Amino acid sequence: MKDIINKLNKIFDSRMRLGIMSVLVVNDWVEFKTLKENLDASDGNLASHIKALEKHEYIEVRKMFVGRKPQTSYRVTKIGKKAFKEHLDALEKLLNNR
Amino acid sequence: MDNQKNHIEELSYIRSMMEQSSRFISLSGLSGVGAGVVALLGAVAIYVYLGTTPFSGRKWYYVESYPYEKWGMGPEFFFLLVAGTVLVLATTIGLFFSLRKARKAHQKLVTKSSIRLFSNFMIPLVSGGIFCLMLWRLGYFGIIAPSMLIFYGLALINGSKYTLDDIRYLGMVELFLGLLATWFIGHGLLFWAIGFGVMHIVYGLRMYFKYDR
C-alpha cells in the first residue's frame with residue numbers, strides 16, 4: 001500500500017494542476033484563455049501552476065502573434081504524458097486495493 | 001476512508017475536465033425536439049399538398065400526381081420551398097436551445113470542440129446535399145429522401161466523436177432508415193418523416209431527460 005502511495009506524483013497534488021493536465025492530454029495546443037475558461041481559474045493562479053508544470057517539463061509553451069495580439073498556448077510533453085498516466089494508474093490501483 | 005473518497009473525487013474531476021474540454025456538451029435535447037416537430041410539419045405540408053396520407057399506402061405519389069399544381073405552385077417549387085423552410089427553422093431552433101443551455105452552464109457556444117463538431121458534421125452533410133441536388137437535376141426523385149437520411153446519419157456518426165454519445169446512435173438509426181427506404185423505394189416521404197421527425201423528437205426527449213434536467 002505504501003508503495004503505491006509513493007507512486008502518486010506529488011506534483012499533481014493540486015487540483016488545478018490535475019485539471020491543466022487533464023485538458024492538455026486530450027487536446028493539442030490549448031490557449032491560456034481556453035484553459036482559464038475550462039478550469040474556471042484566475043490569471044495569477046493558473047499562471048503559477050503552469051509555471052510549476054513547465055519547470056518539470058511536463059508541458060511546453062508556444063508563444064506567437066495572431067495579428068497584433070500575443071497568444072500563448074500549451075501542450076503536454078512526452079514526459080508529462082507519462083507522469084500523468086503513472087499517476088492515474090496509481091490512483092486506480094489504490095482504489096482497487098481496498 | 002477519507003483518502004479513498006478523495007481519490008474517487010480526483011478521478012471523476014479528471015474525467016469531467018477531459019470530457020468538457022474535448023467534447024461539445026451544450027447540445028440541448030430540446031433542439032432535437034424542435035427540429036423534429038418542424039420536420040413533421042414539413043412532411044404534413046407535403047402530404048396535404050399532394051392530397052394523400054401516409055396511411056393511403058400509395059407509392060410514387062409524386063410521379064402519379066405529375067403534372068400537378070396546387071396553391072399556384074408546381075411540386076418541384078413546393079418541395080424545395082418546404083425543404084428550405086424546414087432546414088432554416090430547424091437550424092434556428094436548434095441553435096436557440098443549445099445557446100440557452102450553454103449560457104445556463106456558463107459555457108460558450110463557439111469553442112474548439114464545437115468548431116470541430118461542426119466541421120466534422122458538415123463534411124458528409126454538404127456532400128450529401130450536393131449529391132441530392134444532382135439526383136434532383138437528373139430526375140431520380142425517388143432516391144432523394146433515402147439519400148438525405150443516409151448522408152445525415154453518416155454526418156451524425158462523424159460528428160459524434162466531439163459530442164454526446166447519443167448522437168452516434170441517432171446517426172446509426174438514420175443510416176438504417178435510409179437504407180431501408182432505399183429498399184422500400186417509393187415510400188421516401190414516410191421514411192423521411194420518421195427519420196427527421198419522429199426520431200429527432202424521440203432522441204431529443206431522451207437527451208433532455210438524461211442531461212438537461
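Everything numeric here is computed off the predicted structure, so don't read it as measured data. Proteins come first, then strands; the chains are lettered A, B, ... in the order of their sequence lines, and each starts at number 1.
Heavy atoms from other residues, nucleotides or ligands lying under 6.0 Å from CG of Asp28(A) number more than 12. Other residues, nucleotides and ligands place no more than 12 heavy atoms under 6.0 Å from the NZ atom of Lys81(A). Enclosure of atom CD in Glu57(A) is not indicated, since only 12 or fewer non-hydrogen atoms of other residues, nucleotides or ligands lie within 6.0 angstrom. No more than 12 heavy atoms of other residues, nucleotides or ligands lie within 6.0 Å of OH in Tyr169(B), so this atom counts as exposed by the packing criterion.
Residues Arg15(A) and Glu9(B) meet the side-chain proximity criterion, which asks for heavy atoms closer than 4.5 Å. Taking the side chain as every heavy atom from C-beta outward, Leu11(B) and Leu88(A) approach each other to under 4.5 Å.
Here the closest heavy-atom approach between residue Met18(B) and residue Val26(A) is recorded as O-CG2, 3.7 Å.
The line from CG of Asn27(A) to CZ of Arg116(B) is 5.5 Å long, rounded to the nearest 0.5 Å.
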